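The block underneath contains the structure these notes are about, expressed in structure tokens.
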Amino acid sequence: MGGSDDVKAVEETNAELKKLQLEQTESSVQAAKKKKKKNRSKKKKEPLEQTDPPFIPIKDLFPSGDFPEGEIQQYKDDNLWRTTSEEKRELERLEKPIYNAIRQAAEVHRQVRKYMRSIIKPGMLMIDLCETLENTVRKLISENGLQAGIAFPTGCSLNWVAAHWTPNSGDKTVLQYDDVMKLDFGTHVDGRIVDCAFTVAFNPMFNPLLEASREATNTGIKEAGIDVRLCDIGAAIQEVMESYEVEINGKVFQVKSVRNLNGHSIGPYQIHAGKSVPIVKGGEQTKMEEGEFFAIETFASTGKGYVREDLECSHYMKNFDVGHIPLRLPRAKQLLATINKNFSTLAFCRRYLDRIGESKYLMALKNLCDSGIVQQYPPLCDVKGSYVSQFEHTILLRPTCKEVISRGDDY
């Protein structure tokens with residue numbers, strides 16, 4: 001009897017030990033699950049929160065090094081096969097570093113314009129507005145010589161001025177309640193340029209004018225695709241644009257597409273890479289091709305719908321294909337060296353030259369323009385007293401789909 005009691009006691013002890021081990025194992029599993037969950041939730045927190053005003057570089061907000069994809073649109077029926085093509089998907093995998101560079105530039109654009117929309121108000125000096133925007137871009141993009149930075153001067157053209165106006169140093173222009181301002185700025189990483197613009201108007205009577213260009217731009221994006229003829233995009237844009245009218249101070253205006261302004265293809269360090277995307281019918285038959293980047297931009301006008309060069313010039317750009325041209329003026333040679341080092345073939349303005357310490361350069365700059373090395377881009381204006389609005393996005397014709405790189409929650 002005593003022996004069997006001992007055996008029973010040992011069995012009970014073993015059973016309790018097993019139970020204890022089971023409980024310990026279970027609690028270890030639970031702890032591991034919790035840890036996993038914790039790690040997962042850490043991953044979910046990426047991207048981190050931006051500050052207000054923004055100053056954390058975008059690459060620090062996305063520590064994984066992968067930046068957000070733009071809006072994806074499928075190609076039209078005859079190109080739908082691309083969506084599932086393994087060969088086309090492989091092509092995209094090879095291009096990932098390029099996609100990632102331009103997506104980083106696009107995320108900078110989105111965050112900068114979100115901040116600017118929150119602070120722009122009547123009474124601001126235009127030069128303060130531009131410098132605030134540009135300094136924010138410099139911080140968020142981690143400006144680094146020609147590897148990352150501003151792609152071209154901030155266009156903040158007012159009213160009948162459609163494009164290419166930015167204040168020169170000392171300009172005292174103030175933003176007014178009844179102004180229509182086109183805010184067109186660019187960012188780049190490794191020369192991959194995001195060209196994107198929107199229009200600011202405080203007076204609600206201009207809303208239909210803004211809507212005309214926004215919807216026309218969206219139409220151009222929708223129509224764009226591999227093997228699509230540029231002239232067909234222009235015709236579709238014009239049809240949408242000119243279906244709008246706007247009443248300004250009691251007078252009704254038929255909205256017009258500005259017929260001598262276009263969207264354009266974009267290349268590395270080259271804002272206008274050779275192809276033009278018209279915004280009226282009757283353009284060229286050239287087709288869009290796989291892998292190309294395009295700026296789809298439209299301009300809606302209450303004037304003639306035709307622009308000419310006017311006002312003081314602020315925008316300049318070294319010609320992309322220029323070879324060696326001998327220069328006589330030592331000052332022009334020195335200025336060209338500065339331009340090559342700081343801008344290469346990216347556009348710049350006089351304020352940017354002032355910022356890097358250049359002074360008394362106007363004669364040398366004129367010499368570079370006269371010799372064909374640098375091109376000047378004066379403001380483009382419709383008739384005085386008219387109003388022009390603009391919206392623009394950068395798109396990429398990927399092998400499998402169309403990516404609207406610069407799309408955001410705002411437009």
Side-chain angles (χ1 to χ4, degrees), residues 105 125-139 141-157 161 163-173 184-195 264 266-274 309-381:
L125 266 175
M126 298 299 282
I127 201 160
D128 291 346
L129 187 156
C130 288
E131 288 180 352
T132 301
L133 185 153
E134 289 158 358
N135 287 331
T136 309
V137 169
R138 291 182 179 113
K139 276 181 213 158
I141 209 157
S142 305
E143 188 179 40
N144 179 19
L146 292 172
Q147 289 182 309
I150 295 167
F152 51 83
T154 305
C156 50
S157 311
V161 184
H164 297 171
W165 187 86
T166 200
N168 287 322
S169 294
D171 190 287
K172 300 294 183 197
T173 307
D184 187 349
F185 70 100
T187 54
H188 86 91
V189 172
D190 296 333
R192 298 293 169 174
I193 298 170
V194 169
D195 185 1
H264 47 92
I266 304 174
Y269 295 100
Q270 188 177 23
I271 188 65
H272 291 179
E309 292 181 349
D310 196 9
L311 308 176
E312 185 181 50
C313 187
S314 56
H315 284 49
Y316 299 84
M317 186 165 67
K318 187 183 168 192
N319 284 325
F320 193 80
D321 299 314
V322 76
H324 174 70
I325 294 175
L327 290 165
R328 280 187 182 172
L329 285 180
R331 182 70 181 93
K333 286 181 189 174
Q334 188 231 324
L335 183 62
L336 179 59
T338 298
I339 290 166
N340 284 335
K341 180 187 172 189
N342 291 279
F343 312 112
S344 183
T345 53
L346 296 172
F348 61 94
C349 63
R350 279 154 57 175
R351 280 189 297 107
Y352 294 2
L353 290 174
D354 301 336
R355 185 176 177 270
I356 55 178
E358 286 291 335
S359 61
K360 297 180 182 172
Y361 52 75
L362 287 178
M363 188 66 80
L365 187 56
K366 184 181 183 302
N367 185 249
L368 293 176
C369 292
D370 291 345
S371 62
I373 295 170
V374 170
Q375 175 86 37
Q376 52 183 347
Y377 292 87
L380 301 169
C381 307

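Given the structure is predicted, the values throughout are model-derived calculations rather than measurements. Side-chain atoms are counted along with the backbone in the values below, which use heavy atoms only and exclude waters and symmetry mates. Along the sequence shown, residues carry numbers from 1.
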Enter the distance from Phe185:CZ to Asp195:CG here, rounded to the nearest 0.5 Å. 10.5 Å
Rounded to the nearest 0.5 Å, how far does OG1 of Thr345 lie from CD of Gln270? 7.0 Å
Partner set under salt bridge (Lys or Arg N to Asp or Glu O under 4.0 Å) for [X], not counting sequence neighbours:
X	value
Arg331	Glu358
Glu309	none
Lys333	none

Who passes side chain to side chain donor-acceptor pair (under 3.5 Å) against [X], sequence neighbours left out?
X	value
Thr173	Asp171
Asp310	none
Ser371	none
Ser169	Asp354

Exam field: side chain [X] to backbone [Y], donor-acceptor pair closer than 3.5 Å:
X	Y	result
Ser314	Asn168	no
Thr166	Thr154	yes
Asp184	Pro153	no

For [X] against [Y], the heavy-atom pair lying closest together:
X	Y	answer
Pro268	Phe320	O-CE1, 3.9 Å
Leu146	Asn342	CD2-O, 3.4 Å
Cys130	Cys156	SG-SG, 3.4 Å
Thr187	Ala105	OG1-O, 2.8 Å

Would you say [X] and [Y] make side-chain contact, with heavy atoms under 4.5 Å?
X	Y	value
Leu368	Ile339	yes
Leu335	Leu353	yes
Arg350	Leu362	yes

Candidate pair Tyr361 and Thr338, rule side-chain contact (heavy atoms from CB on, under 4.5 Å), full reasoning: CA-CA 11 Å; Tyr361 52 75; Thr338 298; over 6 Å; no
If the condition is ring pair (Phe, Tyr, Trp, His ring centres under 6.0 Å), which residues does Tyr269 pass it with, not counting sequence neighbours? His188
Can you pull out every side chain to side chain donor-acceptor pair (under 3.5 Å) where at least one residue sits in residues 143-152? Sequence neighbours excluded, please. Asn144-Gln147
Listing request: all side chain to side chain donor-acceptor pair (under 3.5 Å) pairs with a residue in residues 315-326, at least two apart in sequence or in separate chains. Lys318-Asn340
Strictly by salt bridge (Lys or Arg N to Asp or Glu O under 4.0 Å), give each pair with a member in residues 128-137 just once, sequence neighbours left out. Glu134-Arg351
Name all residues meeting the side chain to side chain contact (heavy atoms under 4.5 Å, CB included) criterion together with Thr136; count only those two or more places apart in sequence or in a different chain, and write none if there are none. Pro54, Val112, Tyr115, Thr132, Leu140
Do Arg355 and Phe343 form a cation-pi contact, if we require the NZ or CZ to be under 6.0 Å from the six-membered ring centre and within 45 degrees of the ring's axis? no
